[in-house]
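This report refers to the structure that appears directly beneath it.
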There are 2 protein chains.
Amino acid sequence: MLKITRKVEYALIALRHMQEKEKDELTNAKEIAEQYAMPVELLAKTLQHLAREKIVEAVQGPHGGYRIKKCLEDINMKDFFEKMEGPLGIMDCYFDSDCTLLPMCNIRTPIQRINESMRSMFENMSVGEITQ
Amino acid sequence: MLKITRKVEYALIALRHMQEKEKDELTNAKEIAEQYAMPVELLAKTLQHLAREKIVEAVQGPHGGYRIKKCLEDINMKDFFEKMEGPLGIMDCYFDSDCTLLPMCNIRTPIQRINESMRSMFENMSVGEITQ
DNA sequence: TTAACCCCGATCAATTTAATCGTAAATAGT
DNA sequence: ACTATTTACGATTAAATTGATCGGGGTTAA
């Protein structure tokens with residue numbers, strides 16, 4: 001339980017892979033997908049997402065590819081997770097309020113506390129730390 | 001992302017509900033289900049699970065029900081989550097190793113670190129804290 | 001102008017989670 | 001002993017989420 005998604009997993013693996021290269025060197029989706037046995041299309045999507053978030057930069061055309069743009073030490077895991085997968089919380093009620101049992105829920109406040117702990121834990125962790 | 005399941009949610013709500021009663025008073029599944037608008041069968045199952053784990057005690061027959069058995073301050077959230085939902089980790093590779101990309105995975109060690117942080121965070125949190 | 005890339009929405013498949021069903025078994029009250 | 005009320009639990013179905021694929025675009029170096 002409390003698992004992250006493949007998309008996030010692929011993103012981290014890809015970032016780490018790119019980080020091991022020279023600063024401006026490009027890596028294309030196919031290369032990463034082959035090396036780590038991932039479905040190309042899905043990884044491509046993930047990389048496109050990273051590009052939209054300005055974490056990597058995409059270069060189109062032949063010999064194109066991706067390279068890291070933002071300093072990974074400057075992105076915390078909480079923001080990273082939320083950019084990739086949306087709100088980070090052990091329950092939805094932390095964010096929206098269309099939960100049917102909200103009005104009579106008796107564990108709302110403690111849940112908020114847990115959420116805060118989890119969020120702050122990931123806030124104090126940088127993506128760079130993970131990808132070295 | 002990183003959500004807990006309904007089952008755990010129902011369990012916590014039920015425990016808190018029971019904790020607000022007298023020490024030996026019984027509460028039946030129907031009462032809780034109605035009060036918090038949960039599907040009875042599912043909640044019942046959850047309570048049965050709690051009973052198997054010896055966290056609550058079940059009394060059968062008319063006027064039967066459940067009551068808290070174990071001191072909730074003595075159960076940490078990591079164990080509770082794992083009892084209710086199985087292994088707690090942001091990725092499966094922490095526990096088993098039939099992940100296809102394991103051999104070439106480049107983020108295994110950092111993932112382990114994150115897992116440890118998460119596990120220890122929940123280990124330092126008691127169920128009693130959550131249910132007051 | 002073609003081949004090798006990125007871009008992106010739409011759809012389909014697989015997995016996981018949630019809910020329901022059906023049948024036991026226990027027991028208090030009568 | 002019978003009945004109503006309750007827990008016990010595996011099996012099944014339904015819904016939601018996630019993962020993967022498809023198809024049609026753009027861009028640009030050679």
Side-chain angles (χ1 to χ4, degrees), chain A residues 1-11 13-14 18 25-34 36-67 69 81 84-87 90-92 96 98-101, chain B residues 1-11 13-14 18 25-34 36-67 69 81 84-87 89-92 98-101:
Chain A
M1 69 177 302
L2 292 172
K3 301 239 157 46
I4 60 173
T5 59
R6 289 260 153 185
K7 206 173 153 188
V8 170
E9 187 181 334
Y10 292 162
I13 292 179
M18 287 189 266
E25 205 178 333
L26 290 169
T27 312
N28 66 47
K30 193 158 155 264
E31 173 186 326
I32 301 180
E34 272 169 8
Y36 303 98
M38 303 164 176
V40 208
E41 291 93 344
L42 191 49
L43 171 70
K45 222 168 234 202
T46 305
L47 288 163
Q48 284 155 31
H49 194 155
L50 286 170
R52 272 198 303 277
E53 298 295 346
K54 307 266 187 4
I55 293 169
V56 303
E57 178 181 20
V59 174
Q60 292 192 320
H63 308 122
Y66 300 89
R67 64 164 77 100
K69 190 178 183 187
F81 281 161
M84 299 308 283
E85 292 291 342
I90 61 166
M91 271 174 167
D92 277 333
D96 50 37
D98 51 356
C99 170
T100 51
L101 39 94
Chain B
M1 67 176 304
L2 292 173
K3 300 241 159 48
I4 60 174
T5 59
R6 289 259 152 183
K7 206 173 153 189
V8 170
E9 186 181 335
Y10 292 162
I13 291 179
M18 287 188 266
E25 205 178 335
L26 289 168
T27 313
N28 66 47
K30 193 158 155 265
E31 173 186 325
I32 301 179
E34 272 170 5
Y36 303 99
M38 303 164 176
V40 208
E41 291 93 343
L42 191 49
L43 170 70
K45 223 169 232 197
T46 306
L47 288 163
Q48 286 156 29
H49 194 154
L50 286 171
R52 273 198 303 277
E53 299 294 347
K54 307 267 186 4
I55 294 168
V56 302
E57 180 180 18
V59 173
Q60 292 193 320
H63 308 122
Y66 301 88
R67 64 164 76 99
K69 190 178 185 188
F81 281 162
M84 300 308 283
E85 292 291 341
I90 60 166
M91 271 174 167
D92 278 332
D98 52 354
C99 170
T100 52
L101 39 95

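Here is the naming used below: chain letters follow the sequence lines, and residue numbers restart at 1 for every chain.
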5' priority, DNA chain C, between Thr27(A) and Glu41(B) [closest heavy atom]: Thr27(A)

Can you tell me the distance, in whole Å, between the CZ atom of Phe81(B) and the C1' atom of dT17(C)? 16 Å

Output the single nucleotide from dT27(C), dT21(D), dC9(D) whose closest atom is nearest the side chain of Arg52(B). dC9(D)

Picking from dT28(D), dG19(D), dT27(C), the nucleotide nearest the side-chain atoms of Pro62(B) would be dT27(C)

Decide yes or no for Tyr66(B) and Leu26(B): does some side-chain heavy atom of the first lie under 4.5 Å from some side-chain heavy atom of the second? no

Whole Å only: how far is the CD1 atom of Ile32(A) from the P atom of dC5(C)? 13 Å

Closest heavy-atom contact between Lys7(B) and Met84(B)? NZ-O, 4.0 Å

Taking it one step at a time, do Arg67(B) and Glu25(B) satisfy side-chain contact (heavy atoms from CB on, under 4.5 Å)? CA-CA 6 Å; Arg67(B) 64 164 76 99; Glu25(B) 205 178 335; over 6 Å; no

Got a donor-acceptor pair under 3.5 Å from the side chain of Lys45(B) to the base of dT20(C)? yes

Over how many whole Å does the gap from Leu50(A) atom CG to dC6(C) atom C1' extend? 14 Å

Output the single nucleotide from dC9(D), dA4(C), dC6(C) whose closest atom is nearest the side chain of Tyr66(A). dC6(C)

Rounded interatomic separation in angstrom, taking NE2 from His49(A) and P from dC8(C): 11 Å

dC7(C) P sits how many Å from Glu53(A) CD, rounded? 13 Å

Which nucleotide in dC5(C), dA4(D), dA20(D) has an atom nearest any side-chain atom of Tyr10(A): dA20(D)

Can you tell me which nucleotide in dA29(D), dA4(D), dA19(C) comes closest to the side chain of Arg6(B)? dA19(C)

So Ala44(B), base contact, sugar-phosphate only, or nothing? Heavy-atom distance under 4.0 Å. nothing

Is there side-chain contact between Met18(A) and Leu47(A), with at least one heavy-atom pair below 4.5 Å? yes

Hey, which sits more toward the 5' end of DNA chain D by its nearest nucleotide, Ile4(A) or Gly61(A)? Ile4(A)

Of the nucleotides dA8(D), dT6(D), dT5(D), which one has an atom closest to the side chain of Asn28(B)? dT6(D)

If I take atom CG in residue Leu43(B) and atom P in nucleotide dA8(D), what distance separates them, rounded to the nearest angstrom? 12 Å

Could you tell me the separation between the CG atom of Leu47(A) and the P atom of dC8(C), rounded to a whole number of Å? 13 Å

Nearest whole angstrom, please: distance from the P of dT17(C) to the CD of Glu85(B). 7 Å

Nearest to the side chain of His63(A) - dT21(D), dA30(D), dT20(C)? dA30(D)

Testing dA28(C), dT7(D), dT21(D) for proximity to the side chain of Gln60(B), the answer is dT7(D)

Is any side-chain heavy atom of Ile90(A) less than 4.5 Å from a side-chain heavy atom of Leu2(B)? no

